[in-house]
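Presented below is the structure to which this report refers.
Keep in mind that what you see is a predicted model, and the values were worked out from it rather than measured.
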Amino acid sequence: MSEKEKKCTCGCEEHECDCCDEGFEDIVELTTDDGKKLKFYFVGTIEYKGKNYSAFEPAEQIDGIEDDDLVIFELAGDDEETADLLPVEDEALLDEVFEEFCRVLEEDELDEEEE
């Protein structure tokens, strides 16, 4: 992961909306093994079966990834900011982690609605 920048999800440039948390979401720039830089929205990090996983949504058009796809990586390292992002190659595990992310996100939304 590298630099983070703030961008409103509705596209406004003037901080005039309340459409998302404080009007902005984190965008991270990830660098592929061949040096290509890709921008993603950081969705969150969860612990599942003793390992940490981070999820991202594309913040730009990326070949082979749909706009609403969730891209999940295993975090390798102790510090989330400097950890290596490893692809999850086991399809069954990837499905389990995806379901856990969905469950956690749904719980967070319900908690926010109750407040």
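Residues Tyr53 and Leu75 have side chains not in contact (no heavy-atom distance under 4.5 Å, counting atoms from C-beta outward). Contact of the Val28 side chain with the Tyr41 side chain is not registered, since no non-hydrogen atoms from C-beta on lie closer than 4.5 Å. Residues Leu38 and Thr32 have side chains in contact (heavy-atom distance under 4.5 Å, counting atoms from C-beta outward).
At most 12 heavy atoms of other shown residues, nucleotides or ligands fall within 6.0 angstrom of atom CD in Glu106. More than 12 heavy-atom neighbours from other residues, nucleotides or ligands sit within 6.0 angstrom of CG on Asp34.
From Lys36, atom NZ reaches atom CG of Leu30 across 12.5 Å, with rounding to the nearest 0.5 Å. The distance from atom CG of Leu93 to atom NZ of Lys49, rounded to the nearest 0.5 Å, is 7.0 Å. For the atom pair CG (Leu94) and CD (Glu99), the distance works out to 10.5 Å, reported to the nearest 0.5 Å. Rounded to the nearest 0.5 angstrom, Ile72 CD1 and Ile46 CD1 are separated by 7.0 Å.
In this structure Glu89 satisfies the side chain to side chain contact (heavy atoms under 4.5 Å, CB included) test together with Pro87, sequence neighbours excluded.
Under the 4.5 Å side-chain contact rule for hydrophobic residues, Leu70 and Ile62 do not share a cluster. When the side chains of ILVMFWY residues are joined at heavy-atom separations under 4.5 Å, either directly or via intervening members, Phe101 and Val88 end up in a single hydrophobic cluster. With hydrophobic clusters built from ILVMFWY side chains whose heavy atoms lie under 4.5 angstrom apart, Val71 does not share a cluster with Val43. Tyr48 and Leu105 fall within a single hydrophobic cluster, where Ile, Leu, Val, Met, Phe, Trp and Tyr are joined by side-chain heavy atoms under 4.5 Å apart, directly or via other members. Hydrophobic clustering (ILVMFWY, side-chain heavy atoms < 4.5 Å, transitive): Phe42 and Val104 are in distinct clusters.
A side-chain donor-acceptor contact under 3.5 Å links Asp69 to the backbone of Glu66. In terms of modelled atom types and a separation under 3.5 Å, the side chain of Thr31 and the main chain of Gly35 share no donor-acceptor contact. A side-chain donor-acceptor contact under 3.5 Å links Glu60 to the backbone of Lys39.
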Exercise. Show your working on side chain to side chain contact (heavy atoms under 4.5 Å, CB included) between Phe73 and Leu86 and close with a plain yes or no.
Key: CA-CA 5 Å; Phe73 296 100; Leu86 307 175; 5.9 Å; no
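Lys51 and Glu47 are not joined by a salt bridge, as no carboxylate oxygen comes within less than 4.0 angstrom of a charged side-chain nitrogen.
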